[in-house]
**Q** 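Here you go, one structure.
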Amino acid sequence: MRLRHIEVFYHVYREGSISAAARILFVSQPSVSKVLRHAEDQLGFALFDRRKGRLYPTDAASELFREVSDIYERVAVLDRTAANIRTRKGGHLRIGVLPSLGFAVVPPMVAAMREADPLLSFDLTTLHSDEVTPGLVEKRLDLCIGFDDEFDPRIRARTINAVGLSLLARRGEFPENVDTVSPKVLDGREMIGLRDSGPVADRLEQYLEQAEVRPSVAITAQTYYVAAELVKLGAGVAIVDGFTAKRFTGTDLVAFKLEGAPALPFVALTLADRSDSNLIEASLSTLNQLFG
């Protein structure tokens, strides 16, 4: 099927009539009918039964529509991307960021860069650690921002700073006249665990093992933010990064430093074999100015 066949078939199937499809496509009904007949001739089977002036999809058409929908949506995305590229007047940067850094780091960085150059544009995507390498290697992203520097050799990690781990708890659960607690307070205590968090989770597990601490983990969450919300609701305590702790500490929650807890390298990630553009260099400079 050609793209024109796909477009016409998609709308005829969805709208249930040639006239409605013609209105959406801004063409005449005979034009839609002609393309549809040509598509059927090319395919070698009927897409619609025509009974009493109405169209009824054949079983083959229904099976085909599932595949056509995916293609049509991808073409629509392509059109939107092309339109965005056409209207850009300055540089464009595609950034992937861990959810816990999506609020604390990227907005101030983007705001600062836009203030310096209002023609810049950005595409921001939240992702998890295991999505960083594919995103950069497949060149869907130009820059990623995350924790830890243990990545694929194809990825270049540049440390901006180090972020500590904090114990987040409801007020009153621990004495608040101290800012640091021993990991021993977690032994046997209900704690929100982190699932699929990559090297960060590995470091945290090693830390607890070395401290001979075994919390009771009945709930696991995929992001620090979900863990923090569960703490707020009284589901347990959670160990989170410093950015998340700062964002959630307030009336309901308090954060404590953990004795001997490892710090997480806060890094900017790019392809190792790709020369940095001026825009990436500007991004790294801005990150260092704001958080270095």
**Q** Which heavy atom of Val106 sits nearest a heavy atom of Gly102, and at what distance?
**A** CB-O, 4.1 Å
**Q** Does His38 reach the side chain of His5, with side-chain heavy atoms less than 4.5 Å apart?
**A** yes
**Q** Can you find a pair of side-chain heavy atoms, one from Leu127 and one from Leu141, that are under 4.5 Å apart?
**A** yes
**Q** How many angstroms lie between CD1 in Ile145 and CG in Leu98, if you round to the nearest 0.5 Å?
**A** 9.0 Å
**Q** So, for Met113 and Ser283, which heavy atoms are closest and what is the spacing to 0.1 Å?
**A** CE-OG, 3.4 Å
**Q** Quick one: do Tyr56 and Leu43 end up in the same hydrophobic cluster if we chain Ile, Leu, Val, Met, Phe, Trp and Tyr together by side-chain heavy atoms under 4.5 Å apart?
**A** no
**Q** Distance-only, no hydrogens or angles: does the Ser285 side chain make a donor-acceptor pair with backbone N or O of Glu281 under 3.5 Å?
**A** no
**Q** Rounded to the nearest 0.5 Å, what separation is found between the CG atom of Leu204 and the CG atom of Asp241?
**A** 11.5 Å
**Q** I'd like to know whether Phe147 forms a side-chain contact (heavy atoms from CB on, under 4.5 Å) with Ser129, so could you lay out the CA-CA distance, the side-chain angles of the two residues, the decisive distance to 0.1 Å, and finally the verdict.
**A** CA-CA 8 Å; Phe147 293 127; Ser129 295; over 6 Å; no
**Q** Taking Val226's backbone N and O only, do any of them form a donor-acceptor pair with Glu229's side chain (distance below 3.5 Å, no angle check)?
**A** no
**Q** Does Leu3 CG have over 12 foreign heavy atoms under 6.0 Å away?
**A** no
**Q** Quick check on Arg54: does its CZ atom have over 12 non-hydrogen neighbours (other residues, nucleotides or ligands) under 6.0 Å away?
**A** no
**Q** State, with a plain yes or no, whether a side-chain heavy atom of Glu131 is found less than 4.5 Å away from one of Thr125.
**A** no
**Q** Just wondering, do Asp142 and Leu279 contact through their side chains at under 4.5 Å, heavy atoms?
**A** no
**Q** If you count every heavy atom of other residues, nucleotides or ligands that lies below 6.0 Å from Glu212 atom CD, does the total exceed 12?
**A** no
**Q** For a side-chain contact (heavy atoms from CB on, under 4.5 Å) check, start with the C-alpha distance between Leu101 and Thr126, then their side-chain angles and the critical distance, and finish with the verdict.
**A** CA-CA 9 Å; Leu101 299 173; Thr126 56; over 6 Å; no
**Q** Can you say whether the rings of Tyr10 and Phe65 are parallel (under 30°), tilted (30 to 60°) or perpendicular (over 60°)?
**A** parallel
**Q** Is it the case that over 12 heavy atoms from other parts of the model lie below 6.0 angstrom from the CZ atom of Arg114?
**A** yes
**Q** Should Ile155 and Leu271 count as side-chain neighbours, where that means a heavy-atom distance under 4.5 Å?
**A** yes
**Q** Nearest 0.5 Å, please: how far is OG in Ser17 from CZ in Arg23?
**A** 6.0 Å
**Q** So, does Glu176 use its side chain to make a donor-acceptor pair with the main chain of Gly172 at under 3.5 Å?
**A** yes
**Q** Report the residue from Leu269, Leu284, Val267 that forms a side chain to side chain contact (heavy atoms under 4.5 Å, CB included) with Arg158.
**A** Leu284
**Q** For the side chain of Arg171 and the backbone of Thr251, is there at least one donor-acceptor N/O pair under 3.5 Å apart?
**A** yes
**Q** Can you measure from CG (Leu165) to OH (Tyr207) and round to the nearest 0.5 angstrom?
**A** 8.5 Å
**Q** Between the side chain of Arg94 and the main-chain N/O of His92, is any donor-acceptor distance below 3.5 Å?
**A** no
**Q** Could you report the tightest heavy-atom contact between Leu258 and Ser166, atom names first, then the distance?
**A** CD1-C, 4.4 Å
**Q** Hey, could you give me the CD1/CZ distance between Ile239 and Phe256, rounded to the nearest 0.5 Å?
**A** 13.0 Å
**Q** Decide yes or no on side-chain contact (heavy atoms from CB on, under 4.5 Å) for Phe9 and Leu64, but give the supporting numbers first.
**A** CA-CA 10 Å; Phe9 169 62; Leu64 191 64; 4.2 Å; yes
**Q** Side-chain contact test, heavy atoms from C-beta onward, threshold under 4.5 Å: evaluate it for Arg4 versus Val8 and give yes or no.
**A** yes
**Q** Counting only heavy atoms not in Asp59, do more than 12 fall under 6.0 Å of its CG?
**A** no
**Q** Please answer: with hydrophobic residues joined when any side-chain heavy atoms are less than 4.5 Å apart, are Ile24 and Val27 in the same cluster?
**A** no
**Q** To the closest 0.5 Å, what do you measure between CE (Met109) and CG (Leu143)?
**A** 6.0 Å
**Q** Within the side chain of Asp187, is there an N or O that forms a donor-acceptor pair under 3.5 Å with the backbone of Arg214?
**A** yes
**Q** Is there a continuous path of hydrophobic side-chain contacts, each under 4.5 Å between heavy atoms, that joins Leu287 to Leu124?
**A** yes
**Q** Can you tell me if Phe45 has over 12 outside heavy atoms packed within less than 6.0 Å of its CZ?
**A** yes
**Q** Could you point out which residue of Val185, Leu230, Leu186 forms a side chain to side chain contact (heavy atoms under 4.5 Å, CB included) with Val237?
**A** Leu186
**Q** With a 6.0 Å cut-off (strictly less than), is the heavy-atom count around CG of Asp273, excluding the residue itself, greater than 12?
**A** yes
**Q** Taking all heavy atoms of Pro99 and all of His128, pick out the closest pair and write down the distance.
**A** CG-CE1, 4.0 Å
**Q** Of all the heavy-atom pairs spanning Ala104 and Phe243, show the shortest one and how long it is.
**A** CB-CD2, 3.6 Å
**Q** Do you reckon Leu290 sits in the same ILVMFWY cluster as Ile95, going by side-chain contacts under 4.5 Å, direct or chained?
**A** yes
**Q** Given side chains that start at C-beta, do those of Leu36 and Phe48 come closer than 4.5 Å, heavy atoms only?
**A** yes
**Q** Ser69 and Glu73: side-chain donor and acceptor closer than 3.5 Å?
**A** no
**Q** Give a yes or no on whether the backbone of Met1 and the side-chain of Gln42 come within a donor-acceptor separation of less than 3.5 Å.
**A** no
**Q** Say whether, by atom type as modelled, one donor and one acceptor occur between the side chain of Thr58 and the main chain of Ala46 under 3.5 angstrom.
**A** yes
**Q** Counting N and O atoms only, with roles assigned by atom type, does the side chain of Arg203 sit under 3.5 Å from a partner on the main chain of Ala263, one being a donor and the other an acceptor?
**A** yes
**Q** Can you name the closest pair of heavy atoms from Val12 and Ala21 and give their distance?
**A** CG2-CB, 3.6 Å
**Q** Run the numbers on Leu47 and Tyr13 for side-chain contact (heavy atoms from CB on, under 4.5 Å), then give the verdict.
**A** CA-CA 9 Å; Leu47 294 170; Tyr13 188 98; over 6 Å; no
**Q** Got more than 12 heavy atoms from elsewhere within 6.0 Å of CD, Glu259?
**A** yes
**Q** I want to check something: taking the side chain as every heavy atom from C-beta on, are Met191 and Leu208 in contact at a cut-off of under 4.5 Å?
**A** yes
**Q** Does the plane of the ring in Tyr225 sit parallel, tilted or perpendicular to the ring in Phe248? Use 30° and 60° as the thresholds.
**A** perpendicular
**Q** Can a donor-acceptor pair be found, under 3.5 Å and without considering hydrogens, that links the side chain of Lys246 to the backbone of Ala255?
**A** no
